[in-house]
2 protein chains.
Amino acid sequence: MTRITIKDVAREAKVSVGSVSKVLNGLPVSVRLKQKVDAAIGQLGYEPNRLAQSMRRRSTGAIGCLVPDISNPLYWAVVKKVDDRLQRDGYMLLLASSSDNGRTEVDIVAEFKRRRVDGLIIAPGRETDAHLIKSLEQFGAPTVILGRSLSKTFSSVHVDYRSGVEVATKYLLDLGHRRIALLAPLAGPGHARVEGFRAAYAQAGLDPPEDLVPPRTMSLDAEHDVRRLLDSADAPTALIVLGTRILAGALKTMRDRNLDTPRDLSIISIGDPEWAAVHNPPITTLRWDVEEVARLVAELFLSQLKKKSKHEPQQVFVSTDLVLRGSCATPVRRAEK
Amino acid sequence: MTRITIKDVAREAKVSVGSVSKVLNGLPVSVRLKQKVDAAIGQLGYEPNRLAQSMRRRSTGAIGCLVPDISNPLYWAVVKKVDDRLQRDGYMLLLASSSDNGRTEVDIVAEFKRRRVDGLIIAPGRETDAHLIKSLEQFGAPTVILGRSLSKTFSSVHVDYRSGVEVATKYLLDLGHRRIALLAPLAGPGHARVEGFRAAYAQAGLDPPEDLVPPRTMSLDAEHDVRRLLDSADAPTALIVLGTRILAGALKTMRDRNLDTPRDLSIISIGDPEWAAVHNPPITTLRWDVEEVARLVAELFLSQLKKKSKHEPQQVFVSTDLVLRGSCATPVRRAEK
DNA sequence: ATGAAAGCGCTAACAT
DNA sequence: ATGTTAGCGCTTTCAT
């Protein structure tokens with residue numbers, strides 16, 4: 001551990017600590033002074049202590065980043081991108097995940113505060129959390145919320161599931177499907193997806209199959225849910241599934257049952273795992289640009305960081321694309337099977 | 001931003017700052033004192049400033065964590081697990097990925113030093129890097145290396161690819177394959193895999209097909225490589241592929257070529273992406289326990305952190321399992337096809 | 001242009 | 001048992 005301080009440098013260069021500090025911070029000094037100080041720094045291998053700097057400057061150059069327990073590739077893609085972007089500006093990420101360690105999001109935000117982070121990037125686990133909102137608001141640092149509508153007082157970036165699912169549902173409806181099941185957890189922004197689902201039915205002048213929409217089902221065991229669904233008397237002819245796990249569960253179940261996609265069941269995946277295009281048949285997917293989400297988070301964040309005046313919070317939505325591949329077809333009536 | 005300091009608390013409670021500090025740190029004090037201080041703290045909503053604490057205590061409770069690519073499932077699984085474990089002990093992760101931001105690993109480690117992290121968890125991009133090693137050694141803080149044999153002076157956790165690939169190769173050899181291609185990047189611990197590959201051939205009294213082993217090929221474009229390989233006159237009858245990307249490339253190419261797995265080509269994947277079991281046919285995989293890797297990293301790290309005396313560095317290897325699924329079969333002679 | 005000195009908020013001796 | 005005080009390493013007035 002380096003024990004060399006600015007004092008040592010000052011002594012070595014035979015100047016005052018104040019002068020060394022000036023050189024360090026690029027303030028105007030004489031050429032001679034700068035030379036002496038630089039020489040001493042090189043000589044001693046001095047590295048400034050960021051703790052001490054942070055203390056005086058009242059800024060740590062650290063950003064608190066909180067992601068939930070869900071093992072969602074989206075979060076990591078965003079973390080990576082944000083990290084890349086912020087490192088460029090000299091910031092570092094203090095990362096914490098809110099799972100499996102018995103600490104709540106509020107606890108972690110409190111810890112971020114104690115560590116005097118310069119800002120916060122938060123992907124909350126739940127849609128609304130008064131305690132968390134209050135905690136964030138009274139902190140008052142630049143904050144971006146990812147994926148939830150916590151409160152309009154913060155900037156946030158969302159995927160526009162509502163219209164995405166609407167498009168996907170309409171596509172299936174147009175193909176002739178009527179009994180479409182939406183398999184997504186109720187929690188979180190699930191309601192947006194359900195809204196899109198209902199909207200598509202409404203627009204087609206149809207009633208959505210209430211028994212196939214959450215919150216009907218969805219335990220943690222996706223495979224089990226899918227199995228029950230497919231085995232029921234009035235089984236759906238198409239599935240819209242959220243996320244890798246449920247998709248995998250559905251696909252596995254179908255293989256076990258020797259059901260064919262898309263002949264026996266059409267499938268649309270919400271989210272585009274790498275392998276959706278590899279699978280046989282390739283899975284039709286509602287995808288969005290992870291890179292763009294990440295870019296927006298980083299931009300929104302940096303813009304707040306740079307304005308001195310409170311910037312107006314913005315809610316940004318990232319649109320989705322329905323990527324047509326081979327997992328959807330006109331439904332075959334059960335009797336014909 | 002909280003502007004309340006220990007002084008304010010002392011004044012409010014009408015005690016000295018020293019006494020407040022004692023209460024904060026759980027040192028023995030009278031019940032009455034503690035009550036007064038706690039009351040004042042609650043009253044004021046005081047939160048200790050960790051920067052100031054760190055400065056005096058000479059310990060930040062922050063751990064520097066450096067990975068080449070946080071969005072890689074292996075790394076983020078480890079990071080998440082390590083984070084869970086370390087949060088329990090009051091630590092936080094300072095995370096940095098060394099890609100796409102123009103900063104070298106040495107730069108980032110230097111930044112970690114300046115920020116006075118209490119320890120380092122590093123997944124180096126390359127097998128050996130004298131500069132990095134020196135930088136880590138002179139830091140002298142608890143350090144765990146993930147996935148590379150940087151230097152025996154640090155503790156490290158590895159996946160035992162050598163024997164894993166040997167087992168996988170032997171399995172294919174026993175099935176009757178002779179022209180097996182090992183598709184893995186040369187860089188990094190690739191040599192261990194190649195060693196395993198050669199060892200299996202040697203043990204069977206056979207010569208490995210030199211033209212099918214890296215460093216023969218492997219550009220960044222896996223699909224292209226696979227295509228060239230399959231189109232060549234003396235194409236392999238089996239593939240051992242490293243990682244999601246290459247596997248996906250291989251599978252896609254095969255679908256395009258209308259080749260069947262395992263009839264036309266057997267495939268073993270090194271690493272077990274979630275979908276390997278979902279794919280049709282399910283992919284035989286050389287897998288290891290990511291959780292265990294993470295657990296070992298955390299344990300190795302904490303044990304160093306807790307010993308005052310330098311602990312002897314340990315090299316831990318995590319063994320692999322060959323999970324037999326449906327992607328391998330006895331080779332069919334080309335002519336018969 | 002440079003130096004001296006006062007803190008930043010806290011902990012840890014040392015006094016009392 | 002509690003209070004006083006000297007720093008931790010740095011930045012930033014304020015003098016010179």
Side-chain angles (χ1 to χ4, degrees), chain A residues 1-41 44-62 90 110-118, chain B residues 1-41 44-62 90 110-118:
Chain A
M1 322 255 185
T2 318
R3 300 222 129 292
I4 301 151
T5 77
I6 198 172
K7 259 185 183 161
D8 302 314
V9 177
R11 191 179 317 118
E12 173 79 17
K14 297 188 205 311
V15 299
S16 74
V17 287
S19 296
V20 177
S21 175
K22 270 157 200 145
V23 173
L24 248 35
N25 294 288
L27 298 179
V29 293
S30 74
V31 180
R32 251 186 66 65
L33 211 204
K34 179 162 167 46
Q35 282 176 341
K36 284 197 290 184
V37 171
D38 284 342
I41 288 175
L44 268 41
Y46 166 72
E47 296 268 16
N49 180 334
R50 289 218 52 161
L51 286 175
Q53 291 184 323
S54 300
M55 191 135 167
R56 288 278 351 202
R57 305 214 261 236
R58 327 209 65 98
S59 147
T60 53
E111 177 68 18
F112 282 149
K113 287 186 190 178
R114 270 175 244 126
R115 289 180 184 271
R116 298 297 189 265
V117 296
D118 290 346
Chain B
M1 320 255 184
T2 318
R3 300 220 129 292
I4 301 151
T5 77
I6 199 172
K7 259 185 183 159
D8 301 314
V9 176
R11 192 179 315 118
E12 173 78 18
K14 299 189 204 314
V15 298
S16 74
V17 288
S19 296
V20 178
S21 176
K22 269 159 202 145
V23 173
L24 249 35
N25 294 288
L27 298 179
V29 293
S30 75
V31 181
R32 250 184 68 63
L33 210 204
K34 181 164 166 46
Q35 282 175 342
K36 286 198 288 184
V37 171
D38 284 341
I41 288 176
L44 268 40
Y46 166 72
E47 295 269 16
N49 181 334
R50 289 218 51 159
L51 287 176
Q53 291 183 321
S54 300
M55 191 129 168
R56 287 279 352 203
R57 304 212 260 237
R58 325 206 66 93
S59 147
T60 53
E111 179 68 17
F112 282 150
K113 287 187 191 178
R114 268 174 245 127
R115 288 180 185 271
R116 298 295 189 265
V117 296
D118 290 346

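In what follows, chains carry the letters A, B, and so on, assigned in the order in which the sequence lines appear, proteins first and then strands, with residues in each chain numbered from 1.
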Nearest-Å distance, [atom1] ([X]) to [atom2] ([N])?
{"X": "B:R3", "N": "C:dC8", "atom1": "CZ", "atom2": "C1'", "result": "10 Å"}
{"X": "A:K14", "N": "C:dG3", "atom1": "NZ", "atom2": "P", "result": "13 Å"}
{"X": "A:N49", "N": "D:dC8", "atom1": "CG", "atom2": "C1'", "result": "8 Å"}
{"X": "B:K113", "N": "D:dG9", "atom1": "NZ", "atom2": "P", "result": "17 Å"}
{"X": "A:D8", "N": "D:dC8", "atom1": "CG", "atom2": "C1'", "result": "13 Å"}
{"X": "B:M55", "N": "C:dT11", "atom1": "CE", "atom2": "P", "result": "13 Å"}
{"X": "A:I4", "N": "D:dC8", "atom1": "CD1", "atom2": "C1'", "result": "16 Å"}
{"X": "A:Q35", "N": "C:dA1", "atom1": "CD", "atom2": "P", "result": "16 Å"}

Comparing B:S16 and B:R58 on DNA chain D - which has the more 5′ nearest nucleotide: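 By nearest-heavy-atom nucleotide position, the 5'-most residue is B:S16.
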Would you find a donor on one side and an acceptor on the other, under 3.5 Å apart, between the side chain of [X] and the backbone of [Y]?
{"X": "B:R115", "Y": "A:T60", "value": "yes"}
{"X": "B:R116", "Y": "B:K113", "value": "yes"}
{"X": "A:N49", "Y": "A:L51", "value": "yes"}
{"X": "A:D8", "Y": "A:T5", "value": "yes"}

Base-contact (B) and sugar-phosphate-only (S) positions in nucleotides 11-16 of chain D, heavy-atom cut-off under 4.0 Å, - elsewhere: BB----
Side-chain N or O of A:S30 closer than 4.0 Å to phosphate OP1/OP2 of C:dT2: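 Indeed, a polar side-chain atom of A:S30 lies that close.
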Nearest atoms (heavy-atom pairs only) where A:K34 meets A:V23: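 Nearest pair, atom of A:K34 first, then A:V23: CA-CG2, 4.1 Å.
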Side chain proximity check, A:K22 to A:V15, heavy atoms < 4.5 angstrom: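 The answer is no, as the side chains (C-beta and beyond) never meet within the 4.5 Å cut-off.
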Heavy-atom side-chain proximity of A:I6 to A:S21 below 4.5 angstrom: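 Yes - at least one pair of side-chain heavy atoms lies under 4.5 Å apart.
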Sugar-phosphate only, base, or nothing, as touched by A:L51 at under 4.0 Å among non-hydrogen atoms: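 Nothing, no heavy atom under 4.0 Å.
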Sugar-phosphate only, base, or nothing, as touched by A:P28 at under 4.0 Å among non-hydrogen atoms: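 If one applies the 4.0 Å heavy-atom cut-off, A:P28 turns out to touch nothing in the nucleic acid.
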